[in-house]
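Atoms within a ligand are numbered from 1 in the order they appear, just like the ligands themselves. Since we're looking at a predicted model, the values are computed, not measured.
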Amino acid sequence: MASATSERAPEGGPFRAGMVALCGRPNVGKSTLLNALIGSDLAVASRLPQTTRERLLGIWSTDAFQAVLIDTPGIHRARSALNRFMVDEAIRGATGVDLVLLLAETPILEDEAAAEAWEPGEGARAALEAVTQGGAPVVLVLTKIDRLRRRELLLPVIARWSALHEFAAVVPVSAVKDLGLDELREVVAGGLPVGVPLYDPDSLSDRNMRWHAGERVRECVFRHLRDELPYSCAVTVESYREQRKPAKDTIRATIHVERDSQKAVVIGAGGRTIRQISMDARAAIRELTGRPCDLFLTVKVTKNWTKDPELMAKLGYHQPVGGES
Ligand SMILES: Nc1nc2c(ncn2[C@@H]2O[C@H](COP(=O)(O)OP(=O)(O)OP(=O)(O)O)[C@@H](O)[C@H]2O)c(=O)[nH]1
Ligand SMILES: [Mg+2]
């Protein structure tokens, strides 16, 4: 996948490069921000919390710097084996980096009194505590500011957060309305060490198309299925064949569910739901590759896979050997 971003030439100064983790509670907008910064919908984003399950590197290359952005799962109190895996992934993502962006949602406040009374919630404070363990400087990114009608109400919010930690900077942004992203770019660039690019500047991601194809299917599962069902689904890609002439990809993938009753829901009446998922996923994969593709989906019951680390590993969610990676 080639980089779509082209930036201004640096106004003097040496080239900078480093690792930047995007961390925070579930659903605060980490994946959406990564996509906005690198200019491609690589990371799965959805209205449901706990969408991201694994770390993903998005490579943000400009003429002045290369920031390797690490999208991480939301930090939350984990119960199932899958959720523990996700939170461990998030903590690993914030370790050994040059800069952490801690994302927190801008509260929707009506007036000054509400703003003065506002405090960061327990979960947000736990996320702050988790990301400071790694020792890297932390930038607080207040997300979704488009939802706050009166921007001056941000000031008490920033003051409350700043009382908890000495942030390297505080940047309010809206990834969907492109607000504050230039300022964030400056802050990120300034937080990177001088160095050479860590990844090929033409690459956008550390994952191959096979992995992204699976994620696109999972994104459509999150979009088309309701209630708890998306959380019971995993996607594996059985084969990914690239044909040169005419250019076309043929992909076979499996949607795993936990119970027989869920299989029927994923397929839908007369196969309607699975057809919709397949059509949308095919379009999203085509968008990423720029080539036509055929996508064949199968639904399979892998009983209680979210509770069993061995089954999870078979579906691609394995802890790295030795704890680090
Ligand atoms: N209004 C508004 N909505 C946003 C913005 N950024 C993200 N969202 C929405 O917030 C929801 C969650 O976004 P994600 O990017 O999936 O959040 P996340 O932090 O990656 O979530 P997890 O992976 O579940 O931890 C989606 O419905 C997004 O469209 C923003 O700037 N403004
Ligand atoms: Mg995410």
Quiz item: Is the closest side-chain donor-acceptor distance between Thr298 and Thr254 under 3.5 Å?
Solution: no
Quiz item: Are any of the side-chain heavy atoms of Val301 and Lys303 separated by less than 4.5 Å?
Solution: yes
Quiz item: Is there a donor-acceptor contact under 3.5 Å linking the side chains of Asp294 and Thr250?
Solution: no
Quiz item: Can Asn83 and Ser80 be counted as having a side-chain donor-acceptor contact under 3.5 angstrom?
Solution: yes
Self-check item: Count, waters excluded, of protein N, O or S atoms under 2.8 Å from the Mg ion (ligand 2)
Solution: 2
Self-check item: Axial cation check for Phe296 ring with Arg252, 6.0 Å and 45° limits
Solution: yes
Exercise. Please list all pairs passing the ring-ring contact (aromatic ring centres under 6.0 Å, His included) test where one or both residues lie in residues 223-267, with sequence neighbours left out.
Key: Phe222-Tyr231
Quiz item: ligand 1: which residues have a non-hydrogen atom closer than 4.0 Å?
Solution: Pro26, Asn27, Val28, Gly29, Lys30, Ser31, Thr32, Ala45, Ser46, Arg47, Leu48, Pro49, Gln50, Thr51, Thr52, Gly74, Lys144, Asp146, Arg147, Ser174, Ala175, Val176
Quiz item: Short question: side chain of Asp111, backbone of Ala114 - any donor-acceptor pair under 3.5 Å?
Solution: yes
Quiz item: Taking only residues at least two apart or on different chains, which pairs with a member in residues 66-109 satisfy ring-ring contact (aromatic ring centres under 6.0 Å, His included)?
Solution: Phe85-Tyr317
Quiz item: Can you tell me if Glu258 and Thr302 form a side-chain donor-acceptor pair at under 3.5 Å?
Solution: no
